[in-house]
Amino acid sequence: MASGELTYPAVDESALPSGFVVTSSGRVSGVRHPGEETYDDSPFTHVDRNRIDRTLTQATRRTRILWTICIGELGAAPADRARELHSTLPRPDESVLIAVSPNEKSIEIVGGDAVGHRFDDRVAQLGASAAISSFQRGDLIDGLVSAVRVMAAAVSPVRV
């Protein structure tokens, strides 16, 4: 475990407005008519969300691993909670979850069984280390982007 900094619970699809869905990666995607209010209860700016999305997309394309970030409280047993959250992902065996709890100052990184031969504890530690300095400066987004980029670069490439 390393110090860090936020997590949202899984999205309840029934609470989403008409025209919105949860994609297979767990992201919310939606459309709206011109002039309608946007559905946005995120504490992050549109620019921050786009930056995270681009980083996750690039990492997934490069590594063929599904990268997910979860920000929120992890509770008294953060490692157990992170493993529990990881198991709820659409394809957990092919995924890596970065679970960050800013208030508890913890970061947990969990990789699936199918990526274990390429994604190990050393790669996870590199990601946590990359995130910590930004987290200590209060920059959650920069820390997450750094962690994903460093881990994606450290993962052994896919053999075709």
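Hydrogens, waters and symmetry mates play no part in the numbers below; they use all other heavy atoms, side chains included.
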Handout entry: Hphob cluster co-occupancy, Leu140 + Ile107, side-chain heavy atoms under 4.5 angstrom
Key = yes
Exercise for the section: Would you check if there is a donor-acceptor pair between the side chains of Glu84 and Thr88 at a distance under 3.5 Å? Expected result: no
Handout entry: Heavy-atom pair of closest approach, residues Arg62 and Ala152
Key = NH1-O, 2.8 Å
Fill in the blank from the handout: CZ (Phe135) and CG (Leu144) are apart, to the nearest 0.5 Å, by 4.5 Å
Completion exercise
Nearest heavy-atom approach of Ala59 to Val148 is CB-CG1, 3.6 Å
Exercise for the section: Write down the atom of Ser134, the atom of Asp142, and the distance for their closest heavy-atom approach. Expected result: OG-OD2, 2.7 Å
Exercise for the section: Quick one: do Asp80 and Arg83 satisfy salt bridge (Lys or Arg N to Asp or Glu O under 4.0 Å)? Show the steps, please. Expected result: CA-CA 5 Å; Asp80 292 340; Arg83 282 191 292 277; 2.4 Å; yes
Handout entry: Single-linkage hydrophobic cluster, 4.5 Å side-chain cutoff, Ile52 and Trp67 together
Key = yes
Problem - Joint cluster assignment, Val110 & Leu85, ILVMFWY side-chain distance < 4.5 Å - result: no
Exercise for the section: Look at the side chain of Arg118 and the backbone N and O of Thr63, then say whether any donor-acceptor pair between them is shorter than 3.5 Å. Expected result: yes
Exercise for the section: Could you check if a side-chain atom of Glu94 sits within less than 4.5 angstrom of a side-chain atom of Ile65, using non-hydrogen atoms only? Expected result: no
Fill in the blank from the handout: Heavy-atom nearest pair, Gly127 first then Met151, reads CA-CG, 3.4 Å
Exercise for the section: Using atom types as modelled and distance alone, determine if a side-chain donor or acceptor of Arg51 lies under 3.5 Å from a backbone N or O of Ile141. Expected result: no
Problem - From Gln58 atom CD to Asp53 atom CG, the distance as rounded to the nearest 0.5 Å - result: 10.0 Å
Practice task
Work out which heavy atom in Leu97 is nearest to a heavy atom in His86; give both atom names and the distance.
Solution key: CD2-N, 3.6 Å
Problem - Hydrophobic cluster membership, Ile98 vs Val145, 4.5 Å side-chain cutoff - result: yes
Problem - Donor-acceptor contact present, side-chain Arg91 to main-chain Leu66, <3.5 Å - result: no
Practice task
Look at the side-chain heavy atoms of Ile, Leu, Val, Met, Phe, Trp and Tyr, link any pair under 4.5 Å apart, and say whether Val123 and Val150 land in one connected group.
Solution key: no
Practice task
Locate the shortest heavy-atom distance separating Val96 from Phe119; write the atom from each residue and the value.
Solution key: CG1-CZ, 3.7 Å
